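Working notes, structure below.
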Amino acid sequence: MARMSTNNSTPLDHIRNFSIVAHIDHGKSTLADRLIQSTGGLADREMSEQVLDNMDIERERGITIKAQTVRLHYKANDGETYVLNLIDTPGHVDFAYEVSRSLSACEGSLLVVDASQGVEAQTLANVYQAIDNNHELVTVLNKIDLPAAEPDRIREQIEEVIGIDASDAVLISAKTGLGIPDVLEAIVQRLPAPKSEGGEKAPLKALLVDSWYDTYLGVMVLVRVIEGRLTKGQTVRMMGTDAKYTIERVGVLTPKMVAVDSLGPGEIGFITASIKEVADTRVGDTITEDKRPTAKALPGFKPAQPVVFCGLFPVDAADFEDLRSAMGKLRLNDASFSFEMESSAALGFGFRCGFLGLLHLEIIQERLEREFDLDLIATAPSVVYKLFMTDGSERELHNPADMPDVVKIAEIHEPWIRATILTPDDYLGGILKLCQDRRGIQIELTYVGTRAMLTYDLPLNEVVFDFYDRLKSISKGYASFDYQITDHKEGNLVKMSILVNGEPVDALSMMVHRMAAEKRGREMCEKLKELIPKHMFKIPIQAAIGGNVIARETISALRKDVTAKCYGGDATRKRKLLDKQKAGKKRMRQFGKVEIPQEAFIAALKMGDE
Ligand SMILES: Nc1nc2c(ncn2[C@@H]2O[C@H](COP(=O)(O)OP(=O)(O)OP(=O)(O)O)[C@@H](O)[C@H]2O)c(=O)[nH]1
């Protein structure tokens, strides 16, 4: 780690702590890179594209998962040098809680809007979070290099839709660098400096903003000092967990890690303290000095609750231990991902995993397959149901396979969301139909120019499968979507089982609304008929509720011997064909006498609405 002999007492009025809020792809990371580059945080040659996005997957998918922070030194037009702390926030709905936690560590935000696209669903969601955190805002219109950019129109739209003054919006192109100096000036001139009531003489009070696992340094904790001073060697106490630690390192990210002696009021930096797991650090906790504690803890955050669950099983049972260790490693860096062992009659040993949303699920699954070279079967994603039992007790259901006997259940409650959808009005009809088909209740429909803004209440259960994919395809990618979980409501829900050759495949069972069960069951059977290859015998595929079969398809029997066409041919050709079949088998799973390909599990769940 580099060492910087910073003078550690940057006066408060020379500090600006800010975030960038934006819809996905509106250019947040590109702008962050520009700010780092133009303040000399990294030499040009060190700039790999998008330094803020650490992980390969993030880079490939172009999304920011883990919030990061960067300290910049900026010499302003008034001749003074300011310390600017940029806290990066993720843009996707699944990570909304990370947005909120990082916003609470700063006083202002840059609201970045693509001047060719305008306000989108996540622009709204994120800007309201910033306003809720009492942030001052600087509006930045990006991509003005594009011929399609219409800064005047978008400025009006921002005023109309969000209700903030955008007359002094800064026009930039993060791509070409145009307007970047104006952004830096606006940060200094228009965003407030942090305040500290007690100042640096007060007992230590710092906010635990984030934590992550670094292979070399172990658990790193991102902190924002409110009052007092955080120093190397100090013994601190986490007020929420009551755990004591001795601070080993104090540093800042420039974005390289740079050690400093201490952090004072208003400053943001990281500490390390031989903390074993990220799970030992509670985001939103208050860090204070053990021997001179602060009187009152900060309000803190609600911990992120997993909302979507699914089972992950190794295709090859021998990979179970590898899967366990890989999950343990991922969990080190992502306390919002949870897993516990599960066994399934059909799939053997695996894990029941909890995620913040579907994207989170996909990212974890992809990382397990790619970084750890594991072949996995994922079961149908399920939301968390609340079961009210006839004996008066209450329990949570994370897995349709654990569904108790229906006669013992008085009521099943399912989570509902409030969704905001923005779309060009050409696609409105299709989107209304989609929401309606998914049991949606329309709350509001307003227009902003030729764009419609829709508010719908929807059961989360109807959204977890493929709602987002469908929305994108109906709107040719133009609609944007954001949601918040609102409450649990009673639903007429049943467990639908799928039987292949008479055997229930628990990985495919799911909770469905009674009215939609037959249609869903029929679609599942039809899809599986396409996905499961023919065998030497007839295979019935059935969907059932309790003992009642509600849909049925049959896969006809295969007669031909595949090697027959090699008759008389040379042995190597025959061997090749058999090898090819064997490789194909690796991605198959045996259920009784039937082999089901791995893709069938996911594909069967992604049903069209046509
Ligand atoms: N033409 C043009 N393209 C830009 C500009 N700024 C960003 N882009 C492009 O827009 C795309 C999205 O930019 P990002 O910076 O990755 O967007 P982001 O908001 O950080 O996206 P997430 O990390 O997914 O939240 C990239 O392909 C950029 O190259 C700009 O000023 N002009």
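Please read these numbers as outputs of a predicted model, since none were measured by experiment. Counting starts at 1 for both ligands and their atoms, following the listed order.
Nearest residue to atom 21 (O) of ligand 1 from Asp25, Asp114, Val112 is Asp25 (criterion: closest heavy atom). Nearest-residue assignment for atom 11 (C) of ligand 1 (options Lys143, His26, Lys28; heavy-atom criterion): Lys143. Between Ala22, Ala174, Ala32, Gly179, it is Ala174 that holds the heavy atom closest to atom 31 (O) of ligand 1.
In the model, His26 has no side-chain atom that pairs as donor or acceptor with a side-chain atom of Gln117 under 3.5 Å.
Looking at Thr39 and Tyr82, their side chains never come closer than 4.5 Å, going by heavy atoms from C-beta outward.
Every atom of ligand 1 is numbered from 1 in the order shown, and the set under 4.0 Å from a heavy atom of Ile24 is 24 (O), 25 (O). Each of the atoms 19 (O) of ligand 1 lies under 4.0 Å from some heavy atom of His23. Against a heavy-atom cut-off of under 4.0 Å, Ser29 is close to the following atoms of ligand 1: 15 (O), 18 (P), 20 (O), 23 (O).
Distance check: Phe18 CZ to Leu72 CG gives 6.0 Å after rounding to the nearest 0.5 Å.
Annotation: Leu146 places no N or O atom under 3.5 Å from an N or O atom of ligand 1; distance criterion only. Close N/O approach between Gly27 and ligand 1 is found [any backbone or side-chain N/O within under 3.5 Å].
Ring pair Tyr478/Tyr427 is parallel by interplanar angle, where below 30° counts as parallel and above 60° as perpendicular. Classified by interplanar angle (parallel below 30°, tilted 30° to 60°, perpendicular above 60°), the ring pair Phe355/Phe337 is parallel. Under the 30°/60° scheme for interplanar angles, the aromatic rings of His398 and Phe309 are found to lie parallel.
The one candidate from Arg16, Lys195, Arg224 that meets the salt bridge (charged side-chain N to carboxylate O under 4.0 Å, His left out) condition with Glu107 is Arg224.
Residue contacts with ligand 1, taken as heavy atom pairs separated by less than 4.0 Å, involve Thr30 via backbone and side-chain atoms alike.
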